[in-house]
Amino acid sequence: MVTTDKYNPHELEPRWQKYWEQIGLLTATESQTGAKKAYILVMFPYPSGDLHMGHLKNYTMGDLLARFRSQQGYSVLHPFGWDAFGLPAENAALKGGVSPADWTFANIQQSKESLSLMGIRYDWSREVTTCLPDYYKWNQWIFLKMYERGLAYRKKSYVNWDPVEQSVLANEQVIDGRGWRSGALVEKRELEQWYLKITDYAERLLCDLDKLPRWPEKVKAMQRAWIGKSTGAEFGFQVKGHDTQIRVFSTRPDTIFGATFMVLAPEHELVAQITSPDQKAAVEAYVAATRMKSEVERQLEDREKTGVWTGAYALNPASGKEIPVWIADYVLSGYGTGAIMAVPGQDQRDWEFAEKFGLEIIRTVQPPPDFSGKAYLDDGPAINSGFLDGLHLEDAKQRIIAWMEEQGIGEGKVNYRLRDWLISRQRYWGTPIPMIHCDSCGIVPVPYEQLPVELPALRDLDEIRPKGKSPLAAHPEFYQCHCPQCDGKARRDTDTMDTFVDSSWYFLRYTDATNTSLPFDPKKASFWMPVDQYIGGVEHAILHLLYSRFFTKFLHDIGMVQAAEPFEGLFTQGMVQGWTDVGEVELLGSDHLRFKSPDLRARLEIPETLSLEEARKSGAELRVHQDGTTHFWKAATMSKSLGNGVMVGPFVKEQGADIARITILFAAPPENEMIWTDEGVQGAWRYLNRVYRMVAENLVELKAQGEYNPALLEVTDKGLYQKLHQTIKKVTEDIEALRFNTAIAALMELLNALGDYRKEQGVTPLYRHAVLCYLQLLAPFAPHLAEELWHEFHHSSVFGAPWPSLDEAALVADRFELVVQVSGKVRGKTTVSALASEEDIKRLARELPNVQQHIVGKEVVKEIYIPGKLLNIVVKI
RNA sequence: GCCGGGAUGGCGGAAUGGUAGACGCUACGGACUUAAAAUCCGUUGCCCGCAAGGGCGUGUGGGUUCGACUCCCAUUCCCGGCACCA
């Protein structure tokens, strides 16, 4: 009940949270009536404990959309869960002496409390926790299905080894040659590991990006680049004196006549075989040196080309020339065939190599006369190219590929940069790989009825400590087993799966989270999928989003779900920043400052000394603290380690959840980063307080009003009625387009208009009607306050009432403000009737005194009239 | 270097090719108050002017148009991603 004149969020908010719980608001049910469905999903988090406002931004947006769709009568699915396997739990266990499971569940509990304090509603009956056997059982199930179809396989190769994590990493998890989590330089190790054959889906993962108009262009571009499709040809060069070929891939087979040497990756399998005795020592030294180098070192060398001749020659099948075969680390073993034909005339890297080692350079494409560069990469007529001479790039390509196919030398080929996904991890806190190694039968899958293969309990937390071998290998009770085929003694695989497997299909599990016989019922999944709006951080643009698309396509192919893409709409929200005390500084002279302590300064990549001008430009502020010291403050992404997070619990208890929600949503467009400030909070408070008072201060009069009848519209009511419907339209469209900041601005405008109206007309039936619509429009943004005020007039939830319907006719005003321009400059304004004829309007416009001044004595060349808006009178100068 | 996205008041940001700066923050002035906070009212792009009004103004230079923040060409700078991928 509204009993005071004071908006008191911490009193009213818990009441409505309890109420929503009681009425089961946003509990998802598959519609039986043909109502539209809306699957609103936020990226599930790693359960890291206490949440700050930075964590809450995307959950707030998801909650808003879920409530909005629910008001519109959709069947809404708005679930939540926990990406609970992974390294932080292991690290915490080693540090704090708590088991990964206990640590994880304690964090989940704490995070849940923060979410409910913010009034964020999920259908908790569908909660998914990936570290529970009833979830990861289905990781194993999907893995076995992939294995059956040849999409999960074991391979020995050089893999990325993280020396800190003591585990292998997928290519996607190596950034700038360093482990994505540990930051350690990644080493190459030859190991036999499990892979998922995502490359089989490369083409579909690429093409289907075009079917996702509601994805950010940026994310699609990143995925396209990662998949890295290139079209060309693969063909062979005979090695002189050996009964073997070097296969190469090239996107420019048309330049083959200019191939004056070849280069193999140092790791190429033919290197040892073709190296001549007198070059053997040099080659072996180079190969060994390459192996010692990390990826980062390879990049740091500023691309200065290095290489060694193998002593071998190959035969250029087009020119017939004998060309030397070199090895060099600028050719990568993992791409294409690990060998290239070098065409220095048309490739900058080959040019540099040829220049450095004095190799022949032949141009096979005629550059334009003004061309002054080295290698020429663009189109032009072919030269020095036998039967290709005179042909342009595309024609030459087609011609040479046809020739290669005729001659049996090679064929057209498409290559992808995408590699198969290495999923084995030598860690404890993950899904055991459901495979058995039997001496007589080889690799045997665990039968479906024996799933899940459960993680054994730890005897001692120290077992988790990275040793380069899976901790499960120290658990005989885990790995000792019988072969499902011959019943002989066998050994389980002791590696666990990459935790990105867990997040690659969790959105499907939500559609049927308690199923015990399948990962999910295909009917239920097909009802809800695809996700209509997915919200999360752009940092998942490649890894998680690509893997999820791959899994969905696979599950689609085996008939588990109709959708072939998981996420119809994707939104990547901007981060929340908080003001951060970077550290104490001292002034150097009049215009520079220097940090006294290094801690946060280095982490935020701020130089130790900088000018005041640079500091100002970077958005920093100098603040004098109470003890007289000067500190450098700067906005930075909220995080636990920077200590700049506004914690949810304390904030909500002191200020209120609705205030936090409005602060987050109004400060900036949601895709931009926003800075959390006290002023922003103040503004949100003022706004909600005004809404509260709009109702509370006029409660008795409001309740005394009868129902509003739009047929009896008073002349004095037209303005407000129009504004109301403009706002209904604007707010509806803005929410659908995720423009929450402008939706709130429109609500503020309507609030101002309501205030003006009441001052003039008092509380009328229209006023009451508009106030009630206002509460409905406000409800997705500030649900507690809207529900509180709504209940003064109704006995059921505002979220159960149908979304206000738009009266299109109300949008058309009967008077409008005509803008009069003379030669494109605004010279006057006048209010005219919408029914006025064009002639009348032109006459009225010319009568305006200021317009007169600008047209008098001048010839009017023409007049342009935009009905309902503007008249431009163009005069001759 | 390549790809994606930007550049608008003191700040966050609004603007289907049609009044640039909505909405809010800050600041300033006023009311209420013993006082402060809160609240309410007003001003707030820059320049000239007592005013009416005028000039300038959306990174820069050009173009299209009656009219350009918006479209086209060129260019600078900023942010993000990728980068020896043949």
Side-chain angles (χ1 to χ4, degrees), chain A residues 5-6 175-176 216-226 228-230 232 248-253 255 259 263 265 298-299 301-305 328-332 334-343 346-350 352-353 415-419 538-539 541-542 572 617 619 662 666-669 671-675 677-687 689-690 693 730 739 741-752 755 817-829 849-850 853-854 861-866 868-875:
Chain A
D5 286 350
K6 191 151 165 42
I175 296 148
D176 292 338
E217 206 45 56
K218 176 187 179 173
V219 173
K220 288 192 277 187
M222 282 165 76
Q223 292 214 353
R224 282 190 195 101
W226 188 262
K229 180 180 183 173
S230 46
V248 301
F249 171 76
S250 173
T251 54
R252 293 293 302 276
T255 63
V263 187
R298 276 207 200 184
Q299 284 170 14
E301 279 168 10
D302 209 17
R303 299 177 185 185
E304 176 67 27
K305 297 286 180 291
D329 64 6
Y330 82 89
V331 174
L332 308 175
Y335 181 77
T337 61
I340 60 160
M341 66 166 185
V343 189
Q346 275 73 233
D347 184 286
Q348 188 58 32
R349 296 152 300 181
D350 296 346
E352 285 161 17
F353 194 83
N415 229 316
Y416 299 92
R417 219 183 299 193
L418 183 69
R419 320 281 167 80
V538 72
E539 66 274 18
I542 297 176
T572 53
K617 268 191 183 166
I662 296 291
F666 182 61
E671 65 273 24
N672 289 16
E673 58 196 22
M674 68 148 294
I675 305 177
T677 61
D678 290 346
E679 290 78 15
V681 173
Q682 182 68 20
W685 192 89
R686 277 205 278 255
Y687 166 58
N689 202 23
R690 289 179 62 206
R693 292 198 326 259
K730 174 83 176 150
R739 291 188 297 246
N741 57 326
T742 49
I744 294 172
L747 286 169
M748 289 173 168
E749 281 189 56
L750 178 56
L751 182 65
N752 294 341
E817 190 180 47
L818 177 77
V819 174
V820 185
Q821 297 183 331
V822 177
S823 294
K825 291 201 189 255
V826 179
R827 297 300 182 188
K829 294 170 194 178
N850 198 39
Q853 262 185 40
H854 286 91
V861 181
K862 62 171 139 175
E863 290 173 307
I864 287 154
Y865 177 55
I866 307 298
K869 275 201 175 136
L870 168 146
L871 179 72
N872 188 6
I873 303 168
V874 185
V875 295

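The figures that follow rest on heavy atoms only: side chains count, while hydrogens, waters and symmetry mates do not. Each chain gets a letter, A, B and so on, in the order the sequences are listed, and its residues count up from 1. No experiment lies behind these values; they were computed from the predicted model shown.
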Taking a pair to mean Watson-Crick or G-U wobble geometry with both distances below 3.5 Å, B/A7 pairs with B/U76

In B/S/- notation (B base, S sugar-phosphate only, - none; protein heavy atoms under 4.0 Å), nucleotides 13-22 of chain B written 5' to 3' is SS-B-BB--B

Scanning all shown strands, the Watson-Crick or wobble mate of B/A86 with both distances under 3.5 Å is none

Sugar-phosphate only, base, or nothing, as touched by A/S230 at under 4.0 Å among non-hydrogen atoms: sugar-phosphate

Which one, B/C66, B/C84, B/C23, comes nearest to the side chain of A/K862? B/C66

Got a donor-acceptor pair under 3.5 Å from the side chain of A/K218 to the base of B/C3? no

Look through every strand shown and name the nucleotide pairing with B/A37 as Watson-Crick or G-U wobble, where both distances are under 3.5 Å. none

Just checking A/K220: base, sugar-phosphate only, or nothing, at a heavy-atom cut-off of under 4.0 Å? nothing

Can you tell whether the side chains of A/R686 and A/E679 come within less than 4.0 Å, N to carboxylate O? no

Which nucleotide, in any strand shown, forms a Watson-Crick or G-U wobble pair with B/A51, with both distances under 3.5 Å? none

Row check, A/Y330 ring normal vs A/K305 NZ/CZ: under 6.0 Å, within 45°: yes

Any strand, both distances under 3.5 Å, Watson-Crick or G-U wobble: B/C71 pairs with B/G63

